[in-house]
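These numbers come from a predicted model, not from an experiment.
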Amino acid sequence: MLSSSRTPFVALVLAATACSAQPQQSNAAAAAAAPTPTARPNRAPVTSLPDDAPAATIRNVPATTGRANRAATKPPFAQATLATFSEPFAIAVLPDGSALVTEKAGKIKLRRADGSIADITGAPKVLNDNQGGLLDIAPAPDFAKSKLVYISYSEPRPGGSSLALARGQFTGTALVNLQVLWRAGSDGVGGQFGANIAFAPDGKSLFLSSGERQRFTPAQDPEQALGKILHLTLDGEAAPGNPMAAAGGVRAETWSSGHRNPYGLVFTPDGRLWEEEMGPKGGDELNLILPGKNYGWPIVSNGDNYSGKPIPDHPSRPDLEAPKLWWNPSISPGGMAYYSGEMFPAYRGSLLIGALSGESLIRVALNGDSATVADQWDMGARIRDVAQAPDGAIWLLQDDGKLVRLSPKP
């Protein structure tokens, strides 16, 4: 069982779904035979970005519950720097205690269990611009056997870029037989790719977060894969059992919609899928992701446009799914992990969320479908990603490049 921040910790059947995804591909020949990504309708590349969300057409009803801001406290950890990288984005811990790390410029690094660092060749070409580049990395559920690794990235396209999902086989020094499995389409400018990968608890399908690229309205357009969480087979096709599986195209791939910049994406052992996303000026969210639900962006948000122009709060549209927790002022959530280790028994069953502008590590206690902030620790650095190591230590990937190990103070 793997211990990355996006790997399921038990092999449960996905709760509340009827999906029966395709069997896992598990060798190099299967990887090489991956299908060509589904063609998207031709769209002119987006060349400019709007300043604000569309003008509100509904009366604002203020949000009065769920605000999660709290004062940060001194961290109760011993901290050790394990390595330093250049603009790292994501970390995936492997069963042997080594870890794969993506650097936005387009490099994959391997931190071996002995602490040495190696370059991994075979990464795809990326457009390292704005918030784009080489993004998430996630070993397949049967990685110990197949050595397959999934990566998301901003792919150079005519007129800009697109979020893409690819898969290759890890040899120890390279990714080989790399295949592009899926592309978002809607090429053009804009950051906010989302790009987090989470495998379903049964290991037979995956979920991919896709940001709205700072364009606002695509999050509500069912024909665009932007601002959505997609549910795909391991080959990048629409997963059977999706809410609109019979509709074809993007609709058939869509699990949920109305997202801004969805980052952390984590299954808990009870089969629930949790997601956190960056809101606008305020309004960062922790969401429980349910099939077919619309999470409201850009119609509602518990934050405002960066210009200060208000956006109606979530209670203004009770038909749209509200976050379980929200932060205003923003914490700018980065990666998220579910903690199940032995090193910190008091944290077991919690979500650990890294905060970028908040420079914090936040622990969220879960109770079924409810969530409560239990701790917020001032880490003094922007936390890009969070992972659990095989020994139960907490690993933080920081924007200053450091990989830091947290353990109990002696």
Check your understanding: Nearest 0.5 Å, what's the CG-CD1 distance between L175 and I108?
Key -> 4.5 Å
Review point. Given side chains that start at C-beta, do those of F267 and P201 come closer than 4.5 Å, heavy atoms only?
Key: yes
Point to revise | Qualifying residues under side chain to side chain donor-acceptor pair (under 3.5 Å), relative to S152, sequence neighbours excluded | key: none
Practice item. Measure the spacing between CG of L165 and CD1 of I197 and express it to the nearest 0.5 Å. Key: 5.5 Å
Point to revise | Donor-acceptor under 3.5 Å (D284 side chain, G279 main chain) | key: yes
**Study point:** Heavy-atom pair with the smallest gap, counting every atom of F193 and G132
**Key:** CE1-CA, 3.3 Å
Exercise for review: Check step by step if side-chain contact (heavy atoms from CB on, under 4.5 Å) holds for V364 and M336.
Suggested key: CA-CA 10 Å; V364 173; M336 177 169 67; over 6 Å; no
Review point. Does some side-chain heavy atom of V386 sit less than 4.5 Å from a side-chain heavy atom of L396?
Key: yes
Review point. To the nearest 0.5 Å, what is the distance between CG (L320) and CG (N294)?
Key: 5.0 Å
Review point. How close do W326 and A63 get, heavy atom to heavy atom, and via which atoms?
Key: CZ2-CB, 3.8 Å
Check your understanding: Any side-chain heavy-atom pair from Y150 and L208 closer than 4.5 angstrom?
Key -> no
Practice item. Locate the shortest heavy-atom distance separating A90 from D136; write the atom from each residue and the value. Key: CB-OD1, 3.4 Å
Practice item. Examine distances only and state if a side-chain atom of R40 and a backbone atom of R183 form a donor-acceptor pair shorter than 3.5 Å. Key: yes
Practice item. Determine yes or no for a side-chain-to-main-chain donor-acceptor pair under 3.5 angstrom, with S161 supplying the side chain and P156 the backbone. Key: no
Review point. Which atom pair, heavy atoms only, marks the closest approach of V101 to P88?
Key: CG1-CB, 4.0 Å
Point to revise | Close aromatic pair by centroid cut-off 6.0 Å: F344 and F77 | key: yes
Practice item. Flag the pair I383 / Q398 as yes when at least one side-chain heavy-atom distance between them is below 4.5 Å, and no otherwise. Key: yes
Practice item. Could you walk me through whether W297 and E277 pass side chain to side chain donor-acceptor pair (under 3.5 Å), step by step? Key: CA-CA 11 Å; W297 180 257; E277 66 183 77; over 6 Å; no
Exercise for review: Give a yes or no on this: more than 12 heavy atoms of other residues, nucleotides or ligands lie within 6.0 Å of atom NZ of K107.
Suggested key: no
Review point. Is any side-chain heavy atom of Q388 less than 4.5 Å from a side-chain heavy atom of Y347?
Key: no
Review point. Are W274 and Y338 close enough that their ring centers fall under 6.0 Å?
Key: no
Point to revise | Interatomic spacing from OH in Y339 to CZ in R348 - rounded to 0.5 Å | key: 8.0 Å
Exercise for review: Would you please test E212 and Q192 for side chain to side chain donor-acceptor pair (under 3.5 Å) and show each step?
Suggested key: CA-CA 6 Å; E212 45 81 280; Q192 295 179 188; 2.7 Å; yes
**Study point:** Donor-acceptor under 3.5 Å (T102 side chain, L135 main chain)
**Key:** yes
**Study point:** Residue pair K147 / T171, side-chain heavy-atom distance below 4.5 Å
**Key:** no
**Study point:** Nearest-0.5 Å distance that lies between atom CG in N302 and atom NE2 in H314
**Key:** 5.0 Å
Review point. Closest approach of G172 and I120, non-hydrogen atoms and distance?
Key: O-CD1, 3.6 Å
Review point. Under a 4.5 Å cut-off applied to non-hydrogen side-chain atoms, are Y263 and N261 in contact?
Key: yes
**Study point:** Residues L100, L94; criterion side-chain contact (heavy atoms from CB on, under 4.5 Å); working and verdict
**Key:** CA-CA 8 Å; L100 293 168; L94 302 180; 4.1 Å; yes
Practice item. Quick one: pull up CD1 in I137 and CZ in F170 and give me the separation to the nearest 0.5 Å. Key: 8.5 Å
Point to revise | Under-4.0 Å salt bridge between D235 and R167 | key: yes
Review point. Is a side-chain N or O of N128 found less than 3.5 angstrom from the main chain of G133, in a donor-acceptor match?
Key: no
Practice item. In plain terms, say whether K309 and D304 are close enough for a salt bridge, that is, a side-chain N and a carboxylate O under 4.0 Å apart. Key: no
Check your understanding: Would Q169 and V149 satisfy side-chain contact (heavy atoms from CB on, under 4.5 Å), going step by step from the backbone distance to the final call?
Key -> CA-CA 6 Å; Q169 192 170 43; V149 172; over 6 Å; no
Review point. Is the backbone of A200 close enough, under 3.5 Å, to the side chain of K204 for a donor and an acceptor to pair up by distance?
Key: no
Check your understanding: Considering residues, nucleotides and ligands other than D114, do more than 12 of their heavy atoms fall under 6.0 Å from its CG?
Key -> yes
Practice item. Answer yes or no: is there a donor N or O on one side and an acceptor on the other, between the side chain of N305 and the main chain of D51, under 3.5 Å? Key: no
Practice item. For the residue pair H231 and W255, categorise the inter-ring angle as parallel (less than 30°), tilted (30 to 60°) or perpendicular (more than 60°). Key: perpendicular
Exercise for review: Return yes if some donor-acceptor pair links the side-chain N/O of D378 with the main-chain N/O of K74 below 3.5 Å, else return no.
Suggested key: no
**Study point:** Full working for side-chain contact (heavy atoms from CB on, under 4.5 Å) between I289 and Y295
**Key:** CA-CA 9 Å; I289 300 300; Y295 289 77; 4.0 Å; yes
Point to revise | Heavy-atom closest pair, residues G236 and W182 | key: O-CD1, 3.7 Å
Exercise for review: Keeping to residues at least two apart or across chains, list the salt bridge (Lys or Arg N to Asp or Glu O under 4.0 Å) pairs with something in residues 397-410.
Suggested key: R382-D399, R384-D399, D391-R405
Point to revise | Salt-bridge criterion met for D270 and R272 (N-O under 4.0 Å) | key: yes
Point to revise | Main-chain N/O of L226 paired with R213 side-chain donor or acceptor, under 3.5 Å | key: no
Exercise for review: Check P298, S301, S307, S330 against P280 for a side chain to side chain contact (heavy atoms under 4.5 Å, CB included) and give me the one that passes.
Suggested key: S301
Practice item. Could you check if a side-chain atom of I151 sits within less than 4.5 angstrom of a side-chain atom of P124, using non-hydrogen atoms only? Key: yes
Review point. Take atom CG in D319; do more than 12 heavy atoms of anything else shown fall under 6.0 Å from it?
Key: yes
Check your understanding: Has K145 got its NZ or CZ under 6.0 Å from the middle of the six-membered ring of F143, at an angle within 45 degrees of the ring axis?
Key -> no
**Study point:** Donor-acceptor contact below 3.5 Å, side chain S407 vs main chain A393
**Key:** no
